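It should be emphasised that the depicted structure is a prediction, and the values quoted were computed from it without experimental measurement. In what follows, every chain begins at residue 1, and chains take the letters A, B, ... in the order their sequences are listed.
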Number of protein chains: 2
Amino acid sequence: MTEPKVVRMTAPTLRDVAQLAGVHPATASRALNPQTRPLVNADTARKVLRAAESIGYQPNPIARSLKTARSSTVGLVIPDLTNPLFPPIVRGIEDVLTPAGYNAWIVNTDNDPGREETQVESLRSRQVEGLIVATARREHPLLQRLHQSGVRMVLVNRRVDGLELPSVAADDDAGIAMAVAHLAELGHTRIAHLAGPQQTSTGVARARAFRHAMIDNGLTDDPALTVECGYWSESEGAQALRKLLDSGARFTAVVAGNDLIALGCYDVFAERGLTCPDDISVVGFNEMPFLDKMRPPLTTVAIPHYEIGVESARLLLDTLEDPERHPRSVLLAPSLVVRASTAPPK
Amino acid sequence: MTEPKVVRMTAPTLRDVAQLAGVHPATASRALNPQTRPLVNADTARKVLRAAESIGYQPNPIARSLKTARSSTVGLVIPDLTNPLFPPIVRGIEDVLTPAGYNAWIVNTDNDPGREETQVESLRSRQVEGLIVATARREHPLLQRLHQSGVRMVLVNRRVDGLELPSVAADDDAGIAMAVAHLAELGHTRIAHLAGPQQTSTGVARARAFRHAMIDNGLTDDPALTVECGYWSESEGAQALRKLLDSGARFTAVVAGNDLIALGCYDVFAERGLTCPDDISVVGFNEMPFLDKMRPPLTTVAIPHYEIGVESARLLLDTLEDPERHPRSVLLAPSLVVRASTAPPK
DNA sequence: AGCGGGGCCGCAATCGTTTGCGTTGTGATG
DNA sequence: CATCACAACGCAAACGATTGCGGCCCCGCT
């Protein structure tokens, strides 16, 4: 004989729990919440817990958010999920947010400020408690406004000019220095830089680091050997390299602003019958997946993606629990992964 | 003289709009909603709209969700964002959801059923209106339950045994057939298959298609030449190939269950001093990014990722607006991209 | 003039929680 | 025995929107 069971189409609510436990919903609420549990008698608390358990009660986060104006949710603002840089970062973020009782809401902006604005608006209206932003440009009115209106956020990989915000990134200086030193050791003297967009802090930081590193290695930094890319993309990288080659400049190696830019170079090599590293050495930045299987395997600066995610989530949690805390930024050490795209010049 | 402006820290609500427009909140609500706007006088509607505009009113989705038990949000359940297969699909999904007024909430399951369960639970409690699921296994109690409790969903790339659900995927049969035909034309006769996990519909579909294709091409399908991978991953692909090589089986080509499995083969080639395609040809499936830059560039079956996303979102919207509609499934035509990982056998 | 019928709009309940405040009951104290 | 403190709990008002129902007014008809 199967127990006759009333099927309710709607999920059990706090009322149901209270009724079952023979208490008022308010009491049930207090009993369920560890924070307020001391306010109710231990016995009744047990009763409530048991009742909740028995009917599989799950609090309704929507109702809770409405009342508390909190959501246990943070927003991740990402320029392009298609960029393999981000998934591991996201993973790291989720791995610290989840145990802390938070959920992450991922939005794509496609590098489009308009889209970014509406996406962020939608996040805010859903009461996200903070933002992790990977789309920062040096001039970023939106972020300025958000910061002024008290939105908690942390930046990843980027900074905004004149805005003191917690941020986490790889140590660009160190990374570029390693790349240049590596090439210098191989004997390269004329090294080009395909810089990332100079509207991004990362783009300028790496370009600056490149100049310094050249000097530190006793090489001359020829401005004609630095070309800026409009985006951090393959096609922009290819464009930039074509421009450089067409200019007639002489160079035997290039350090690219990131891996995608470096891979763009591969396309140009194929177009023009150049071979890497025999004709030109190239080193990337970021260590995206599958580089070891490229042709040739790309030498690059590896950064700890997952840890970047982890750290940024931690920073956000910190500022959530103590908004007054002085903004802390963390720099993570990169490392050089030498593969077959770099060799001594001919 | 600057206009004295009252700064309110809290976002404007419907009440504020109503007050400003000199009407009752109910009227304001009706005026704001295009659906119910005909119920109010055109003039007052205009007044309300203007008022809303002037104070920058944005409806609070949380309050709305609480009342309507809807959320204009759908969940995307993805096994692993790190797999480059998914970002373009996500992009396609968002591109149709956004104009339709929906938002997407992405969750990762890491192929872990437990994690999947809690993630889905969290989605449901946030009143998502439907699910797009890319994690389906052939036996999938969770999805069975969800379906029974009336959750609307569509499957992407996968199916569940005995469950009539809308789904969208590439035409695995056609894709595998093209791959095998290509190898056969090159002169291969002993072709191996590194199959995907047989708990996934895709895994078995491709394995079956492989057998059929072998026969159709007048080749013999030797069961000893098919090895199953536990996951759709590089390492599993490598494992499977090692097993095959160690078994002493003779073969000159392999069709891999997907690109990652194929790339796993590359690792084994390096380990054992084999060269591709001279010693062994390999063809992948999915056309993930950057394959053209691999060593060697991987021949693969290209599937229209973006369109898969687009179609799955459309299907979901369809079932949302007419839940009774008979489940429709769409198959998208793949195409073969021949690169340098395939060549005639020596 | 009386009556019916729309068109518009307001009232108030509701969604499921949280929380300030008030009430009750108990034990301890003067 | 009256009083007080305090623990434990209930009451009811929020949070911000949506929506069935009913009231009001005005118009047209007989």
Exercise. Is there side-chain contact between A:Leu97 and A:Asn103, with heavy atoms separated by less than 4.5 Å?
Worked result: no
Exercise. Under a 4.0 Å N-O cut-off, is there an ion pair linking A:Glu311 with A:Arg314?
Worked result: yes
Exercise. Just by distance, do the side chain of A:Thr202 and the backbone of A:Asn157 share a donor-acceptor pair under 3.5 Å?
Worked result: yes
Exercise. Is there a donor-acceptor contact under 3.5 Å from the side chain of B:Arg37 to the main chain of B:Ala31?
Worked result: yes
Problem set entry | 5' priority, DNA chain C, between A:Leu14 and B:Pro38 [closest heavy atom] | B:Pro38
Exercise. Above 12 or not: heavy atoms from other molecules or residues under 6.0 Å from CD of A:Glu121?
Worked result: yes
Exercise. How would you give the extent of chain A contacts on DNA chain D, as first and last nucleotide 5' to 3' within a 4.0 Å heavy-atom cut-off?
Worked result: D:dA8 to D:dG16
Seminar exercise, completed: Exactly one of B:Arg158, B:His147, B:Glu116, B:Arg159 clears side chain to side chain donor-acceptor pair (under 3.5 Å) with B:His140, and that residue is B:Glu116
Problem set entry | Minimum heavy-atom distance between B:Ser122 and B:Ser125, given as atom pair plus value | O-OG, 3.0 Å
For this session: Look only at the side chain of B:Gln199 and the backbone of B:Arg138, and say whether a donor-acceptor pair between them is shorter than 3.5 Å.
Result: no
Seminar exercise, completed: B:Arg115 meets the side chain to side chain donor-acceptor pair (under 3.5 Å) criterion, sequence neighbours left out, with none
Problem set entry | Backbone N/O of B:Ala26 and side chain of B:His24: donor-acceptor pair under 3.5 Å | yes
Exercise. For B:Arg126 and B:Ser65, does a side-chain donor sit closer than 3.5 Å to a side-chain acceptor?
Worked result: no
Problem set entry | salt bridge (Lys or Arg N to Asp or Glu O under 4.0 Å) against B:Asp322, all qualifying residues, sequence neighbours excluded | none
Exercise. Hey, mind stepping through A:Ser167 and A:Ser329 against side-chain hydrogen bond (donor to acceptor under 3.5 Å, both in side chains) and telling me if it holds?
Worked result: CA-CA 5 Å; A:Ser167 72; A:Ser329 287; 3.1 Å; yes
Problem set entry | 5' to 3' contact window, DNA chain C with chain B (heavy-atom distance under 4.0 Å) | C:dC8 to C:dG16
For this session: For DNA chain C, determine which residues of residues 47-73 of chain A have any heavy atom closer than 4.0 angstrom to one of its atoms, and list them numerically.
Result: A:Tyr57, A:Gln58, A:Pro59, A:Asn60, A:Ala63, A:Arg64, A:Lys67, A:Thr68
Exercise. With a 4.0 Å cut-off on heavy atoms, is B:Thr44 in touch with a base, just the backbone sugar-phosphate, or nothing at all?
Worked result: sugar-phosphate
Problem set entry | Within residues 18-34 of chain B, residues whose heavy atoms come under 4.0 Å of DNA chain C | B:Val23, B:His24, B:Ala26, B:Thr27, B:Arg30
